[in-house]
Amino acid sequence: MIIMKQNLDYKLIFALAAVGIIWGTTFLGIRVAVETIPPWFVTSIRQGLAGLIMMTILLFKKELKWIGWGNFKQQLIPSVLMIVIANGFTTIAEKTLPSGLASVISALSPILIFLGSILFGLQKMSLKGFVGVLIGFSGVVFIFKDGLGSFLDADYRTGMMFMGFAILAWAAGTIYTKTHAVKSNNIVLNLFYQFTMASCIQLVLASIFSPNPDLSSWSSRSIFAALYLSLFGSVIAFFCYSYALKHVTAVQVSILAYINTIIAVFLGWLLLDEVITIDFIIATALIILGVFIVNYKKKEKKVV
């Protein structure tokens, strides 16, 4: 008799759903936050508050402690790659790029994670994967086809460059986190160190690139967006992402990028009046299709 394998992990399902939905809204949140707050201050506030929340939880549970230099180094790497660089550069990019476009570029990260997983022996290359990569990158052609003239704009070029570095850093951080997941036992404690280190680094960067911020010019709308990014985008979503990485492959977690993208594009159009062209829709569809093909697996069957 053949029985379908149906051991549902509801915590994992909730974690994956939370990541997909919340990070879809953060592209809108970032775009609103940087309207009046300098990008590095947005990220420093976001991660600093997230670190304080994690510290409060740890103090309440009496679990706040030094993790040792070995684990500290392991937390420093994903902190720099995923929070300082990936999150920071995405925030800078959205100063000049629409939130929908930023989310579509971010949707390429699963393909980079797939290629990186092959490079580091975490996954084998297949014809299906190769086809998915080609389709996904063909979506990028449509993005550039629609906006080639925009490259004459230095701000647009800079925004796209920062997004490129952001998704590379995110892919590298995800692969590193997955390969070291078995050594990370207390997710809240690890995230406390990651957020705190990232916030300190980003505060230094903020003081360098925006040395005399005019706090009076920060709108309540931008401040609220930064608070939302801290509580939901960092604390809840990063906790769920870290939990999911301990239970499924890095590539499987990364497929949430298409949920993020659909939500981000829709909210950008609905709330910020961002323009959606036919080429943009085609590009989004191709990238999502490519990521789906790369990650699609038939349901497992268990013979009893």
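In this chain, residues are counted from 1 in sequence order. These numbers come from a predicted model, not from an experiment.
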Check: Ala226 main-chain N/O paired with Ser230 side-chain donor or acceptor under 3.5 Å: no

Sidechain-backbone polar pair: Ser234 side chain, Gln47 backbone, donor-acceptor under 3.5 Å: no

From Trp170 atom CH2 to Thr177 atom OG1, the distance as rounded to the nearest 0.5 Å: 8.5 Å

CZ (Phe165) with more than 12 external heavy atoms under 6.0 Å: no

Between CG on residue Asn260 and CD1 on residue Ile22, distance to nearest 0.5 Å: 10.5 Å

Audit row: Ile83, Gln194, side-chain contact (heavy atoms from CB on, under 4.5 Å) steps and yes/no: CA-CA 8 Å; Ile83 305 179; Gln194 288 186 26; 4.0 Å; yes

Pair Asn71, Gln75: side-chain N/O donor-acceptor within cut-off below 3.5 Å: yes

Check: Ser222/Ser219 side-chain N/O donor and acceptor closer than 3.5 Å: yes

Check against side-chain contact (heavy atoms from CB on, under 4.5 Å), Phe224 and Val32: CA-CA 9 Å; Phe224 178 78; Val32 172; over 6 Å; no

Point-to-point distance, once rounded to the nearest 0.5 Å, from CD1 of Ile201 to OG1 of Thr43: 10.5 Å

Donor-acceptor contact below 3.5 Å, side chain Ser99 vs main chain Leu28: no

Backbone N/O of Val34 and side chain of Glu94: donor-acceptor pair under 3.5 Å: no

Donor on one side chain, acceptor on other, Thr174 and Tyr241, under 3.5 Å: yes

Under 3.5 Å: donor-acceptor pair, side chain of Thr96, backbone of Tyr156: no

Backbone N/O of Pro39 and side chain of Lys95: donor-acceptor pair under 3.5 Å: no

Check: Ser106 main-chain N/O paired with Ser109 side-chain donor or acceptor under 3.5 Å: yes

Check against ring pair (Phe, Tyr, Trp, His ring centres under 6.0 Å), Trp23 and Phe232: CA-CA 8 Å; Trp23 275 345; Phe232 289 91; over 10 Å; no

Value rounded to 0.5 Å, distance of CG in Leu189 from CD1 in Ile57: 11.5 Å

From CG (Leu272) to CZ (Phe27), nearest 0.5 Å: 13.5 Å

Nearest-0.5 Å distance, CD1 of residue Ile30 to CD1 of residue Ile37: 12.5 Å

Side-chain donor or acceptor of Arg46 paired with backbone N/O of Tyr228 under 3.5 Å: no

Check: Phe41 main-chain N/O paired with Ser44 side-chain donor or acceptor under 3.5 Å: no

Shared hydrophobic cluster, Leu115 / Leu134 (ILVMFWY, side-chain heavy atoms < 4.5 Å): yes

Whether Phe72 and Trp66 hold their rings parallel, tilted or perpendicular, with breakpoints at 30° and 60°: tilted

Ser103 side chain vs Gly100 backbone, donor-acceptor pair below 3.5 Å: yes

